[in-house]
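Taking it in order: structure first as structure tokens, then the write-up.
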Amino acid sequence: MHLDIRDRLNACLKKLNIEFSKTLELEIPKNESFGDLSTPLAMDLAKILKKPPKQIAESIVSNIEKDIFESIDIAGAGFINFRLKRNFILSKLTSLLEKGDDFFILDIGKGRKVQIEFVSANPTGPLHLGHGRGAAVGQALANILKESGYDVSTEYYINDAGRQVELLGMSVYIALQRLGGKDIKMPDECYKGEYINELAKELYQIYGNELINKDFDEINGIIIDFSYKKILNEIQTDLKDFGVIFDKWISERKLYHTGEVQSSIIKLKEKGYIYEKDGALWFRSTVFGDEKDRVVVKSDGSYTYFASDIAYHKNKIERGFDELINIWGADHHGYIKRVMSAVQALGIDSSQIKILLIQMVNLLRDGMPVQMSKRAGTFVTLRELMDEIGVDTTKFIFLTRRHDSHLEFDVEIAKKQSQENPVFYVQYAHARINSIFEKANTECKNIDFALFNDHEIRLIKKILLYPMIFEFAVLMREPHRITFYLQDIAGEFHSYYHKYRVINEDKALTETRLCLCKALMLVLKHGLRMLGVKAPEKM
RNA sequence: GCGCCUGUAGCUCAGUCGGAUAGAGCAACUGCCUUCUAAGCAGUGGGUCAGGGGUUCGAAUCCCUUCAGGCGCGCCA
């Protein structure tokens, strides 16, 4: 619907010889009496053309093709308000019913290659809530970008090298020693939690006392590999059960084995961004606005995590993506500048990489925040939450906030099956419609537009607005906009459902209303699919 | 101390890179099940957009500043 208006606006601008390269903005007016859709275009153009907005608006209004409009008004400081013809709205409805899911296909991406890297949790422990939120957002983002014409590739970067996995190995080694009766304290920096003991037990079952009597240095390889692979396996299972699929899992170790870490530093060195100080090699990130330069090779000759991350980004860039999206936990925000610096030093435009920060999740139980500490091993895992609350609810709630905003996750509300729980509210609308179709002895056919009342026309307009919401979610890379829309439209439907009977004595009216239901069902199903949430037929 | 993020109704949060009279859900209160699922609906009240300055036709949105909260400031990852 909005695209039809935009097309006419663009054609009109062309006719008037006005250049406007941005995506033309259409919005839902604050007040319904203003019209169906409006645009602040004239006010934007006023700045460029240095003419009064009303004058521009008038010129647009008199030159635009008016076939689909009931009326076009200029209001306020220069808004152009459009009211669509009833016939046009109904033709769009017909089109939606005919095309089904194809109606929602947009070609914004035009095949541009986008890579989304997300979760990428260290394989040193189970996934927790924050990872879950990142997983839900990343997958939803992948879904909507795919659906809108991007060539999307999702990826998980496995930090299977370096200090953290070594610490994991050490932790399991010590647990193993304790299992063998040795009285050793678990050092502070080590990982705790029951899963460490489990890993030790499993190793004991395989190797018996063999490992216990050896020094860590002799057997660290065995322990580290066994442990991180086991954990990675569980992470993969958890993500799969959470409905998150990665196209590619890439290993940090591999970047060392292929020499990419080394070569990327050489490349930076050639460009003059590397220097030596205090026996270490530093990257000049301050050139790009970082607050200090960063070490890439330590004085003991080993690489920092940053070094392999540079190699990873170089690797991504060389794979020819047009856009890279990194989804990180908000606690990594201090890391953004140096990665952006490295990426720029490697020669790509910083606008090609976007880093989305996922804010913290606070878990509430009985109205009280649950304290989480990774060190103490007292954190709530994604697995626990999935098992307790269900995959759909968990995902949906993760998507009810802007990624940038703190999320309060109330377990009690999530478990409630009522209006307080937004997922059920939306799913229930879908199930209700499905149930109507089961009860009806007929289907959506012989649609008679004359039978729609004003309430229904309003609802149809709202349904047809979905592509605009979807487009905006894509352009802004913000899946939560779909979540909000779905709650909104579900509410409209529940209200409609109570006021009017779909199945009634009048066959023509019944069939016409079934078409409205069908259209809404298509939208609900599509929206939920984008979020990765099921649209149940029965509840 | 420095940097980043946040501050919108009692609570949880939307709000289009500056636009029209700032919205929703929950909670509170009042009603609605012999009719397609009450996991639902209808109605009522609720605001100094943290405070203060500035920028302009116009600010919740941009700039400065104060306050409050979160996070980050390793040759850790």
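Only a predicted model underlies this, so the values are computations on that prediction, with no experimental measurement involved. Throughout, a chain's letter reflects where its sequence line sits, starting with A, and its residues are numbered from 1.
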Base-pairing mate for G47(B) - Watson-Crick or G-U, with both contacts under 3.5 Å: none

Nucleotide C17(B), atom C1' - distance to CD of Glu27(A) in whole Å: 13 Å

His494(A) and Arg432(A): side chain donor to acceptor below 3.5 Å: yes

Measure all distances between protein nitrogen or oxygen atoms and nitrogen or oxygen atoms of nucleotides 74-77 of chain B, and list the pairs falling under 3.5 Å.
| unit_1 | atom_1 | unit_2 | atom_2 | d |
| --- | --- | --- | --- | --- |
| C75(B) | O2 | Ser299(A) | N | 2.8 |
| C75(B) | O2 | Ser299(A) | OG | 2.9 |
| C75(B) | N3 | Ser299(A) | OG | 3.2 |
| C75(B) | N4 | Asp278(A) | O | 2.9 |
| C76(B) | OP2 | Lys298(A) | NZ | 2.8 |
| A77(B) | OP2 | Tyr305(A) | N | 2.8 |
| A77(B) | O4' | Gln164(A) | NE2 | 3.3 |
| A77(B) | O2' | Asn122(A) | OD1 | 3.4 |
| A77(B) | O2' | Asn122(A) | ND2 | 2.9 |

Integer angstrom distance from the C1' of A20(B) to that of G58(B): 10 Å

Sugar-phosphate only, base, or nothing, as touched by Ala431(A) at under 4.0 Å among non-hydrogen atoms: base

Donor-acceptor pair, side chain of Asp293(A) and main chain of Ser285(A), under 3.5 angstrom: yes

Interatomic distance, Ile436(A) CD1 vs U35(B) P [rounded to whole Å]: 15 Å

Whole-Å distance separating the CD1 atom of Ile336(A) from the P atom of C73(B): 13 Å

Base partner of U12(B), which must satisfy Watson-Crick or wobble distances under 3.5 Å: A24(B)

Integer angstrom distance from the C1' of C57(B) to that of G52(B): 24 Å

Nearest-nucleotide 5' precedence on RNA chain B, Glu537(A) against Arg481(A): Arg481(A)

Residues that Asn504(A) engages under side chain to side chain donor-acceptor pair (under 3.5 Å), provided they are two or more places apart: Thr510(A)

Inter-nucleotide C1' distance (C71(B), C32(B)), Å rounded: 48 Å

Whole-angstrom distance between U21(B) and C17(B), as gauged at atom C1': 24 Å

Inter-nucleotide P distance (U30(B), C67(B)), Å rounded: 45 Å

G-U wobble or Watson-Crick pairing nucleotide for C4(B) (cut-off 3.5 Å, both distances): G70(B)

Rounded C1' spacing from G70(B) to A28(B) in Å: 31 Å

Out of U16(B), G15(B), C71(B), whichever nucleotide has its closest atom nearest the side chain of His480(A): G15(B)

Partner residues of His455(A) under the ring pair (Phe, Tyr, Trp, His ring centres under 6.0 Å) criterion, sequence neighbours left out: Tyr496(A), Tyr500(A)

For Met360(A), all residues meeting side chain to side chain contact (heavy atoms under 4.5 Å, CB included), sequence neighbours excluded: Ala330(A), Asp331(A), His406(A)

d(CD1, Ile389(A); C1', A39(B)) in whole Å: 17 Å

Residue Lys47(A), side-chain atoms from C-beta onward, closest of C57(B), U35(B), C41(B): C57(B)

Ring pair (Phe, Tyr, Trp, His ring centres under 6.0 Å) involving Tyr273(A) - partner list, sequence neighbours excluded: Phe288(A)

A9(B) versus A24(B) - spacing of their C1' atoms, nearest Å: 11 Å

Pair assignment for A59(B), Watson-Crick or G-U wobble, requiring both distances under 3.5 Å: none

Residue pairs involving residues 42-61 of chain A (criterion side-chain hydrogen bond (donor to acceptor under 3.5 Å, both in side chains); sequence neighbours excluded): none

No-hydrogen, no-angle side-chain donor-acceptor test under 3.5 Å, Gln164(A) and Thr124(A): no

Donor + acceptor pair across side chains of Lys254(A), Asn315(A) (<3.5 Å): no

Gap between atoms NE2 and C1', on His498(A) and U35(B) respectively (whole Å): 12 Å

Protein proximity profile, nucleotides 2-11 of chain B - base contact B, sugar-phosphate-only contact S, no contact -, cut-off 4.0 Å on heavy atoms: -BBSS-----

Sugar-phosphate, base or nothing in reach of Arg401(A), heavy atoms under 4.0 Å: sugar-phosphate

Watson-Crick or G-U counterpart of A42(B), or none if no pair lies under 3.5 Å: U30(B)

Sidechain-backbone polar pair: Thr483(A) side chain, Leu399(A) backbone, donor-acceptor under 3.5 Å: yes

Distance, rounded to the nearest Å, where Phe396(A) contributes CZ and C13(B) contributes P: 16 Å

Test ring pair (Phe, Tyr, Trp, His ring centres under 6.0 Å) applied to Tyr303(A) - qualifying residues, sequence neighbours left out: Tyr256(A)

Interatomic distance, Asp44(A) CG vs G18(B) P [rounded to whole Å]: 9 Å

Sugar-phosphate, base or nothing in reach of Asn362(A), heavy atoms under 4.0 Å: nothing

Listed partners of Glu505(A) passing side chain to side chain donor-acceptor pair (under 3.5 Å), at least two apart: none

Positions of residues 30-40 of chain A (non-hydrogen atom under 4.0 Å from RNA chain B), listed by number: Lys30(A), Asn31(A), Phe34(A), Ser38(A)

Chi-based syn or anti call at C29(B), which uses purine or pyrimidine torsion atoms and a 90° bound: anti

With sequence neighbours excluded, residues passing side chain to side chain donor-acceptor pair (under 3.5 Å) with His480(A): none

Sugar-phosphate only, base, or nothing, as touched by Phe437(A) at under 4.0 Å among non-hydrogen atoms: nothing

Spacing of the C1' atoms in G47(B) and U66(B) (rounded, Å): 22 Å

Sugar-phosphate, base or nothing in reach of Tyr500(A), heavy atoms under 4.0 Å: base

By ring pair (Phe, Tyr, Trp, His ring centres under 6.0 Å) - contacts of Tyr228(A) (at least two apart): none

Distance, rounded to the nearest Å, where Glu492(A) contributes CD and C41(B) contributes P: 11 Å

